[in-house]
Amino acid sequence: MVLHSSMLRFYLGASLNFDVIIIGGGLVGASLALALGKAGLKVAVVEPKLPQARSGVWDARIYAISPGSAAFLDSCGIWGQLDRTRICQVEEMRIFGDESRSELGFNAYDAGLRELAIILENRALQETMWRALPEVPNIDVVAPAECENLLLAENAAELTLKDGRILRARLIVGADGADSWVRQQAGIEVDTRQYGQMAVVANFSTEKAHRNTAFQWFLRAGVLALLPLPGKHVSMVWSVATERAEELLALTHQELAACVTLASGGVVGDLQVMTPAAAFPLRIQRVARLIAPRLALVGDAAHNVHPLAGQGVNLGFRDARELAHVLGRSGAQTDCGDYYLLRQYERARAEDIAAMRLATDTLQKLFGSASPTLRKLRNFGLRVTDRQIFLKNLFIQHAVA
Ligand SMILES: Cc1cc2nc3c(=O)[nH]c(=O)nc-3n(C[C@H](O)[C@H](O)[C@H](O)COP(=O)(O)OP(=O)(O)OC[C@H]3O[C@@H](n4cnc5c(N)ncnc54)[C@H](O)[C@@H]3O)c2cc1C
């Protein structure tokens, strides 16, 4: 089912001039539009697809949203509109290595937090955002629409759509995902490395209660995570070599449930498939610049990391939060495409993005290696970290940002 166009107030051609045109209305682009729209900027969101409406069926694409991202979405007016019955708090995390007794645990209570993360469905979040966009008077949704040409001039940018419409703005934001068209048009280089892995996702009902715990196993065969959903349900993200992913996708529901029950050591008892498996290819991307004259990149257009830390969209929300902060702080009279403002955004985001890329890539290599020395080291590392309160607090501070 697709969102009906009557639910949205589409751009009808009344105005061609905007402060900011956001290309890509995914989670990051839509959140940025709401933040900028609420700050009084005149914003257009250009998106080729209408999002799918939520349904009774649980979405296999689930996000672990950090408390920091939740606060940002709240400031965008989104958080309170989400269906509470489809959200689950993570109060505890248990991470296992590939040797017995190597375990690392995090607890929200010990860290003085209400939760470590909030698990919710991609489709529900996307749909809630898209319902909110037309309610902000200075946001225009241009969808479905396809981009044809992008011109970045000294004083303004011009976007030509395939249907011939021309939109102008002070600033173009590329929020169009990992294969960003905007990034390509701006000539920004990207370094891509395929992991040769796929993330297999599926939802299960469980025999035992998960007690609001997120489980993760760093196995030689890949990284397996079971994230808690409301009631006795969990969502799986299993990052495995592409051939193994294809094998998992070919299993019957019973075979898949048995396989995941075994791999997870039966922590939540026997599993039953609730939402069938789907898979996403994994890669790491390093983008040479986050900005160009009259242009900024956010979300997966700006960085792509392994999902083992569940941080990709959180990183994107932090881009959106920072860009909205920089542009909002500069005031309505300032040129929001000013290069020095964009440099502030780029500088502010550099460290967080580099740290997340390094951490996820290193963990992926460390736990993917067959070397006995590395095996000892990684399991030793888990056990030692578990006893270091200071280190654990550092990790938590970064994960909840
Ligand atoms: C299996 C898996 C699990 C994950 N789990 C987590 C998690 O738990 N927590 C977390 O933080 N992250 C997670 N991630 C990462 C997360 O999915 C991404 O970081 C996030 O979806 C990026 O959002 P985005 O809005 O930047 O890009 P996208 O979601 O890719 O959205 C891009 C948008 O741009 C549109 N678009 C594309 N091309 C054009 C064009 N030419 N013109 C206009 N619009 C265009 C698309 O239609 C789309 O709407 C996971 C990723 C995977 C693969």
Side-chain angles (χ1 to χ4, degrees), residues 21-33 44-52 59-66 68-70 72-73 90 116-123 125-127 129-130 141-150 159-162 167 172-185 195 197-202 214 216 222-227 235-240 245 277-285 287 297-320 353 356 360 399-401:
I21 297 172
I22 299 171
I23 302 182
L27 295 182
V28 176
S31 70
L32 177 64
V45 183
V46 180
E47 167 62 47
K49 299 183 298 211
L50 293 180
Q52 288 199 317
D59 191 354
R61 194 69 190 259
I62 298 285
Y63 293 119
I65 299 292
S66 71
S69 295
F72 169 61
L73 295 176
V90 178
L116 297 172
I118 302 107
I119 308 295
L120 48 77
E121 296 162 283
N122 172 54
R123 214 161 37 215
L125 184 54
Q126 182 82 65
E127 193 214 39
M129 283 185 176
W130 269 62
V141 178
V142 187
E146 287 188 46
C147 301
E148 171 83 23
N149 191 42
L150 182 62
L159 175 68
T160 307
L161 302 178
K162 283 226 166 97
L167 315 180
I172 297 286
V173 176
D176 51 345
D179 296 316
S180 175
W181 175 84
V182 175
R183 192 178 61 212
Q184 199 191 348
Q185 295 299 304
Y195 277 120
Q197 295 179 357
M198 292 183 106
V200 181
V201 298
Q216 193 168 35
V223 185
L224 168 66
L226 291 183
L227 306 172
S235 184
M236 172 188 85
V237 184
W238 199 353
S239 307
V240 288
F280 302 89
L282 301 180
R283 59 185 148 171
I284 180 170
Q285 282 187 324
V287 171
L297 300 175
V298 293
D300 275 16
H303 39 70
N304 206 245
V305 296
H306 197 286
L308 61 83
Q311 283 293 324
V313 85
N314 289 302
L315 213 50
F317 286 142
R318 294 204 284 275
D319 298 340
I353 294 171
M356 193 56 69
T360 50
V400 302

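Order of listing sets the numbers, starting from 1, for every ligand and every atom in it.
The ring-ring contact (aromatic ring centres under 6.0 Å, His included) check on H306 picks up Y195, with sequence neighbours excluded. By the side chain to side chain contact (heavy atoms under 4.5 Å, CB included) test, A44 pairs with F18, I21, V142, sequence neighbours left out.
For atom 44 (N) of ligand 1, the nearest protein heavy atom (residue, atom name, distance) is P48 CD, 3.0 Å. Summary of contacts: the protein heavy atom closest to atom 30 (O) of ligand 1 is G177 CA, 3.6 Å. Looking at atom 51 (C) of ligand 1, its nearest protein heavy atom turns out to be R61 NH2, 3.3 Å. The single protein non-hydrogen atom nearest to atom 8 (O) of ligand 1 is A64 N, 2.9 Å, given as residue, atom name and distance. In this structure, the protein non-hydrogen atom closest to atom 23 (O) of ligand 1 is V28 CG2, 3.8 Å. What sits closest to atom 42 (N) of ligand 1 on the protein, heavy atoms only, is I23 CG2, 3.5 Å.
Taken to the nearest 0.5 Å, the CG atom of L227 stands 12.5 Å off from the CD1 atom of I118.
Atom numbering of ligand 1 starts at 1 in the shown order; those under 4.0 Å from a heavy atom of V201 are 1 (C).
Of all the heavy atoms of Y63, the ones lying under 4.0 Å from any atom of ligand 1 are found in both the backbone and the side chain. Within the 4.0 Å heavy-atom criterion, the part of A175 lying near ligand 1 is the backbone and not the side chain. By the criterion of a heavy-atom distance under 4.0 Å, the backbone of Q311, and not its side chain, is placed next to ligand 1.
Heavy-atom separations between E146 and ligand 1 are all 4.0 Å or longer.
At a threshold of 4.0 Å, the pair D300-R283 does not count as salt-bridged, since none of the basic side-chain nitrogens sits closer than that to a carboxylate oxygen.
Checked by distance only, ligand 1 and P307 stay at 3.5 Å or farther apart across all their nitrogen or oxygen atoms.
Ranked by closest heavy atom to atom 37 (C) of ligand 1, the top entry among D176, V305, D300 is D176.
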